[in-house]
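Just below is one structure, and these are the notes that go with it.
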Amino acid sequence: MRVAMIGTGYVGLVSGACFADFGHVVTCVDKDASKIKRLHDGIMPIYEPGLDTLVENNVKEERLFFTTEAKDAIADADAVFIAVGTPSRRGDGHADLSYVYAAAEEIAALIKGFTVIVTKSTVPVGTGDEVEAIIRKTNPDADFAVVSNPEFLREGAAIKDFKIPDRIVVGTEDERAMDVMSELYRPLFLNQTPILFTSRRTSELIKYAANAFLAVKITFINEMADLCEKVGANVQEVSRGIGLDGRIGAKFLNAGPGYGGSCFPKDTLALTKTANDHGSPVRIIDTVVEVNAARKKAMAVKIINAMGGDVKGKTIGVLGLAFKQNTDDMRDAPSLDIIPALIAAGATVKAYDPEAMEEASHLMDGIQYAENPYAALEGADAMVIITEWDQFRALDLGRVKDALNTPVVIDLRNIYAPEDMLKRGFDYTSIGRPAV
Ligand SMILES: NC(=O)c1ccc[n+]([C@@H]2O[C@H](COP(=O)([O-])OP(=O)(O)OC[C@H]3O[C@@H](n4cnc5c(N)ncnc54)[C@H](O)[C@@H]3O)[C@@H](O)[C@H]2O)c1
C-alpha cells in the first residue's frame, strides 16, 4: 500500500516508519522544513529508542520518504493519515482542531481515485464528520472515506507499542475503507492482535476514554499515597496489594508527582469539555484534572518542607526533567511546575536529564545544566529525583553523598528503598512511604 503521513511528529514519524517496516511505501510530510531536512540528514528530531535504526533501514530500502510537499505524497496514496497535533486550545481547554482541519482541506484538493483518510490524531467525537464535510465541500467529486484510527503508543516504548499493540481500533462503516485498513495492519493480524471495528464516533471516544481511565488510575494511587503519609502506610505495598487483583491490574499504579506529557493533561481536559458541551459531565475526570494540577504544584512545597521549610540561598540538584523516562518530551512535565517554584522560592537549581535538557532550556529560565548526575549534585543541599530514568536507579550512592553538601534526598518516583537510604545516612523523603 502507498501511505501518506501528514505530520511527522512523535506519532507520525513512528507510525510512518513502522508502516514502512511492515512493507508499505510511506511518505511522511511535515510543514516544518527544518524537521524534514534533519530527517534527510539522518538526524532524528525526537529521542525515541530504536527509531534512528528503523528510519535508516527503511529509507535505505526505499520504503520511507520525507517531504514538505503534501502533493508529492497524496496523489497516489491509498491511505492518507492525519497525525498533526491537537493541543489544548488557549483559554478554554477544548482540543484545538485547526491543524486537523487545515490538513483536511489540503488533502481534499490533492486526492485522486478512492482514498482513505485516516485520523490518527486524538480528536473529539464528531471530528471525523467535520473532516468529511470539509473534504466534500473542498472537492465535491472526490471518492473517499474518513476513518478514525486512534493511536495508543507510549513515548519511550513507541515502536514496540505500534508493532505489538494491545489492540487496534478502527472507526468506519465503509467496507472499502475496512479492506484498506485491514491490508495496512495485515502483519499484525498474523500475530492475532485484536482489531476492533466500530463506528467512527465510538472509535473517537475510545481514545479519550482510555487516556482518561489511565489518568484516573494514576490520580487514585497518588491520593492513596497522600493518605499513606498521614496514616503510616506504604503506598507501594498498597499498589501491589490491589494490583494483584485481576480486576484492577498492576499497571499505572506508581505514585509520583502527577501525570504530565503530551496526552493525558490535554486529553482529560478536552474530554471534560466535550462532556459538558453535551450536558453529560464526567465529574470523575473534572476532579482528576483538578487534583493532578494541584499535585504538581504541591510537589515544590513538599521539596521545600523536606529541606527544612526554606530554600532561599540553597542549591538543589535535580535529576530528570522529561515527563517520563526514555523521551525528551517536556510537554506538561511536572518539572515545569516544580523547578520555577523552587527558583521563585530563592533556590539555585542545577539539573541533569539524559535527553531533555535542550528542550527544557527553551521552556524554563534560570537553570544551570550539568553534564552528568553527579555534576548536578556537586555542592547541592539536596538531590531531587523528578524523572525515573534507569540511570538514576543505579546511582553510586557513595558518590552522591560525597557530592552533596547535606545528604538530603527527595525521591518523587520512589526508586530507592527508605530503609537502605536511612542506613546509608541520607535524610530521605519519598511519596507515600513511611519514614523509617
Ligand atoms: N505523542 C504521543 O505519545 C501520542 C500518542 C498517541 C496519540 N497522540 C496524538 O497524536 C497527535 C500528534 O501528536 P504528536 O505528539 O505526534 O504531535 P507533534 O507536535 O510531535 O507533531 C505534529 C507535527 O505535525 C506537523 N504539522 C502540523 N500541521 C501540518 C500540516 N498541515 N501538514 C504537515 N505537517 C503538519 C507539525 O509541524 C508537527 O511536526 C495528537 O493528536 C496527539 O494527541 C500522541
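Start at 1 and go down the list; that is how both ligands and their atoms are numbered.
- Looking at every heavy atom in both residues, L271 comes nearest to V282 through CG-CG2, 4.2 Å.
- Contacts with ligand 1 closer than 4.0 Å are made by heavy atoms of both the backbone and the side chain of S121.
- Residue contacts with ligand 1 leave out A102, since none of its heavy atoms falls under 4.0 Å from the ligand.
- Given atom 11 (C) of ligand 1, the protein heavy atom at minimum distance is V84 O, 3.3 Å.
- Within ligand 1, the atoms closer than 4.0 Å to a non-hydrogen atom of E151 are 6 (C), 7 (C), numbered from 1 in the order shown.
- Interface atoms of ligand 1 facing E155, defined by a heavy-atom separation under 4.0 Å, are 1 (N), 2 (C), 3 (O).
- Residues satisfying the ring-ring contact (aromatic ring centres under 6.0 Å, His included) criterion with F65, sequence neighbours excluded, are absent altogether.
- Given atom 34 (N) of ligand 1, the protein heavy atom at minimum distance is K31 N, 3.3 Å.
- Neither the backbone nor the side chain of R154 has any atom closer than 4.0 Å to an atom of ligand 1 (non-hydrogen atoms only).
- Taking distance alone, with nitrogen or oxygen atoms compared against 3.5 Å, Y10 approaches ligand 1 more closely than that limit.
- How far CG of D76 is from CD1 of I111: 13.0 Å, rounded to the nearest 0.5 Å.
- Looking at R295 and D226, a side-chain N of the basic residue comes within less than 4.0 Å of a carboxylate O on the acidic one, giving a salt bridge.
- Polar contact check, D267 against ligand 1: no nitrogen or oxygen pair lies under 3.5 Å apart.
- Two residues are said to be in side-chain contact when any heavy atoms from C-beta on lie closer than 4.5 Å; R331 and K266 fail this criterion.
- Backbone and side-chain nitrogen or oxygen atoms of K266 are examined, and one is located within less than 3.5 angstrom of a nitrogen or oxygen of ligand 1.
- Ring geometry for Y352 versus F392: interplanar angle over 60°, hence perpendicular rather than tilted (30 to 60°).
- Residue, atom and distance of the protein heavy atom nearest to atom 9 (C) of ligand 1 are T122 OG1, 3.5 Å.
- Every atom of ligand 1 with a heavy atom of G9 under 4.0 Å away is listed here by number and element: 16 (O), 18 (P), 20 (O), 21 (O), 23 (C).
- Looking only at heavy atoms of the protein, atom 16 (O) of ligand 1 is closest to V11 N, 2.9 Å.
- Here E358 contributes atom CD and Y369 contributes atom OH; the two are 10.0 Å apart, rounded to the nearest 0.5 Å.
- Close contacts between ligand 1 and A83 involve ligand atoms 12 (C), 22 (C) [criterion: under 4.0 Å to a heavy atom].
- Ion pairing between R200 and E204 fails under the 4.0 Å rule for side-chain N and carboxylate O.
- Side chain of D78 to main chain of T115: no donor-acceptor pair is present (N/O by atom type, distance under 3.5 Å, no hydrogens or angles).
- At the shortest separation from atom 17 (O) of ligand 1 among protein heavy atoms lies R331 NH1, 3.8 Å.
- Of the candidates P45, G85, G7, A33, G85 brings a heavy atom nearest to atom 22 (C) of ligand 1.
- Scanning the protein for heavy atoms near atom 41 (O) of ligand 1, the closest one is T86 OG1, 2.5 Å.
- Among the candidates I107, V123, V147, V100, the single residue satisfying the side chain to side chain contact (heavy atoms under 4.5 Å, CB included) test with V131 is V100.
- Within ligand 1, the atoms closer than 4.0 Å to a non-hydrogen atom of K35 are 38 (C), 39 (O), numbered from 1 in the order shown.
- For ligand 1, the atoms closer than 4.0 angstrom to any heavy atom of E106 are 31 (N).
- Applying the salt bridge (charged side-chain N to carboxylate O under 4.0 Å, His left out) rule to pairs touching residues 32-51 yields K37-D41, sequence neighbours excluded.
- D30 OD2, 3.2 Å is the protein heavy atom nearest to atom 25 (C) of ligand 1.
- Looking only at protein heavy atoms, the nearest one to atom 5 (C) of ligand 1 is L153 O, 3.5 Å.
- Here the two rings, on F162 and F152, have centers that are 6.0 Å apart or farther.
- I159 CD1 to L54 CG: the interatomic distance, rounded to the nearest 0.5 Å, is 5.0 Å.
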